Amino acid sequence: MPTTPRRPFTIIMAEDDEDDRLLAQDAMEACGSKYLCHTVNDGQELLDYLRCQGKYILNDISDLPSVILLDLNMPILDGRETLKQLKEDTLLCSIPVVILSTSSEEEDVSKSYRLGASSYMIKPSKFNLLVDMMKSFNNYWFETATIPHVVIDKDSK
């Protein structure tokens with residue numbers, strides 16, 4: 001049975017803390033991840049990026065990211081409201097959203113799942129544990145799970 005070649009996987013990470021962004025990217029590289037990772041600073045920038053608005057108006061996005069990594073506590077538009085808007089958007093709602101947060105509060109976890117998060121991961125305090133987490137993330141989302149290939153028709157925006 002012929003198999004279709006896998007498309008390159010992409011991640012977009014919404015994280016306001018530059019150190020956390022860099023650590024996550026370093027952890028992804030350390031575990032040998034082969035996907036492309038783009039970062040944005042907050043929820044509004046994420047939505048602008050995905051919708052080709054604001055400073056991303058000239059973007060020509062035909063392929064959306066495979067997975068979104070989303071922090072909860074960000075300025076401008078926090079992760080909770082961003083997640084709500086993503087899941088209400090008919091063009092973006094099928095993209096898996098993984099919460100990556102320092103919060104282990106049950107209310108944050110429960111609310112994230114109620115709003116449509118695909119998974120919730122608590123940021124570890126040590127780099128080697130973050131590398132292990134990113135290995136698990138990579139293995140699950142890009143080796144085990146089947147992710148929809150979401151394409152935006154430029155005329156439907």
Side-chain angles (χ1 to χ4, degrees), residues 4-103 108-123 130 133-134 137-157:
T4 305
R6 296 184 103 166
R7 68 186 175 90
F9 292 111
T10 57
I11 294 174
I12 187 163
M13 178 174 33
E15 170 61 67
D16 64 309
D17 186 290
E18 184 177 3
D19 290 337
D20 283 354
R21 278 194 311 268
L22 293 173
L23 279 172
Q25 289 177 309
D26 288 348
M28 290 176 200
E29 287 177 22
C31 72
S33 298
K34 302 285 190 251
Y35 43 79
L36 303 171
C37 183
H38 182 74
T39 60
V40 293
N41 296 311
D42 57 65
Q44 186 59 58
E45 189 177 352
L46 173 64
L47 293 172
D48 287 349
Y49 179 89
L50 295 170
R51 294 172 176 160
C52 299
Q53 298 173 341
K55 71 181 183 181
Y56 298 103
I57 197 160
L58 298 178
N59 278 14
D60 182 16
I61 297 179
S62 57
D63 273 343
L64 290 170
S66 308
V67 176
I68 296 169
L69 276 175
L70 182 64
D71 186 28
L72 287 182
N73 300 309
M74 297 180 291
I76 304 173
L77 189 63
D78 75 4
R80 295 159 197 84
E81 181 58 30
T82 303
L83 178 60
K84 182 177 183 289
Q85 289 189 38
L86 285 167
K87 294 307 174 181
E88 290 173 349
D89 188 311
T90 57
L91 295 175
L92 305 174
C93 65
S94 64
I95 303 171
V97 179
V98 176
I99 304 300
L100 182 58
S101 177
T102 56
S103 174
D108 285 335
V109 175
S110 295
K111 185 170 186 175
S112 295
Y113 281 112
R114 281 193 310 270
L115 290 172
S118 301
S119 186
Y120 192 105
M121 301 188 312
I122 299 167
K123 294 176 191 172
L130 184 60
M133 178 182 280
M134 287 299 145
F137 171 86
N138 184 59
N139 287 337
Y140 178 74
W141 287 105
F142 303 124
E143 301 297 330
T144 305
T146 301
I147 299 173
H149 184 169
V150 181
V151 177
I152 289 183
D153 176 7
K154 294 174 188 138
D155 296 328
S156 68
K157 290 198 304 180

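We're numbering straight along the sequence, starting at 1. In this text the structure is predicted, and so the values were computed from the model without any measurement.
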Between the side chain of Lys123 and the main-chain N/O of Ser101, is any donor-acceptor distance below 3.5 Å?
no
Minimum heavy-atom distance Ser66-Ile147, with the two atoms named:
O-CG2, 3.3 Å
Report yes if some heavy atom in the side chain of Arg51 is under 4.5 Å from a heavy atom in the side chain of Leu92; otherwise report no.
yes
Quick one: closest heavy-atom pair of Lys87 and Leu115, and the distance?
CG-O, 3.3 Å
What are the two closest heavy atoms between Leu72 and Ser112, and how far apart are they?
CD2-OG, 3.8 Å
Distance col, row Met74:CE vs Asn41:CG, nearest 0.5 angstrom, shows 9.5 Å
With a 4.5 Å cut-off on side-chain heavy atoms, are Asp20 and Asp71 touching?
no
Point-to-point distance, once rounded to the nearest 0.5 Å, from CD1 of Ile68 to CD1 of Ile12
7.0 Å
Which pair of heavy atoms, one from Leu91 and one from Asp89, lies closest together, and at what distance?
N-OD1, 2.8 Å
Heavy atoms only: give me the nearest Arg21-Glu15 pair and the separation to one decimal.
NH1-O, 2.7 Å
Starting at CG of Leu36, measure out to OG1 of Thr10 and round the result to the nearest 0.5 Å.
6.5 Å
Under 30°, 30 to 60°, or over 60°: which ring-plane class applies to Tyr120 and Tyr113, parallel, tilted or perpendicular?
tilted
Kindly indicate whether the side chain of Leu100, heavy atoms from C-beta on, has any atom under 4.5 Å from the side chain of Phe137.
no
Do Leu46 and Gln85 have side chains that get closer than 4.5 Å, going by heavy atoms?
no
Sequence neighbours left out, what passes side-chain hydrogen bond (donor to acceptor under 3.5 Å, both in side chains) with Gln44? Give chain and number order.
Asp48
Quick check for you: to the nearest 0.5 Å, what is the distance between Ile11 atom CD1 and Ile95 atom CD1?
12.5 Å
List for me each residue that meets side-chain contact (heavy atoms from CB on, under 4.5 Å) alongside Asn139, sequence neighbours excluded, and say none if there are none.
Glu143
Lys84 atom NZ: more than 12 heavy-atom contacts under 6.0 Å
no
List the atom pairs, donor and acceptor, that lie under 3.5 Å between side-chain atoms in residues 22-29 and the rest of the protein, sequence neighbours left out.
none

Spatial distance of atom CG (Asp16) from atom OG1 (Thr39) [nearest 0.5 Å]
11.5 Å
Considering residues at least two apart in sequence or located in another chain, which fulfil the side-chain hydrogen bond (donor to acceptor under 3.5 Å, both in side chains) criterion with Ser103?
Asp108
Would you indicate whether the side-chain heavy atoms of Asn73 and Asp78 approach each other to under 4.5 Å?
no
With a 4.5 Å cut-off on side-chain heavy atoms, are Tyr35 and Val67 touching?
no
For Lys111, the side-chain hydrogen bond (donor to acceptor under 3.5 Å, both in side chains) test, sequence neighbours excluded, returns none
Would you call the rings of Tyr56 and Tyr49 parallel, tilted or perpendicular, where under 30° means parallel and over 60° means perpendicular?
perpendicular
Calculate, to the nearest 0.5 Å, the distance between atoms CG and CG belonging to Asp42 and Leu47 respectively.
9.0 Å
Could you go step by step and tell me if Ile76 and Glu45 meet the side-chain contact (heavy atoms from CB on, under 4.5 Å) rule?
CA-CA 9 Å; Ile76 304 173; Glu45 189 177 352; over 6 Å; no
Which atom pair, heavy atoms only, marks the closest approach of Ala14 to Leu70?
CB-CD1, 3.7 Å
Indicate yes or no: at least one non-hydrogen side-chain atom of Asn138 is less than 4.5 angstrom from one of Phe9.
no
Restricting to side-chain hydrogen bond (donor to acceptor under 3.5 Å, both in side chains), what partner residues turn up for Ser110, sequence neighbours left out?
Glu106
Would a 4.5 Å heavy-atom cut-off, applied to side chains only, mark Ser118 and Trp141 as touching?
yes
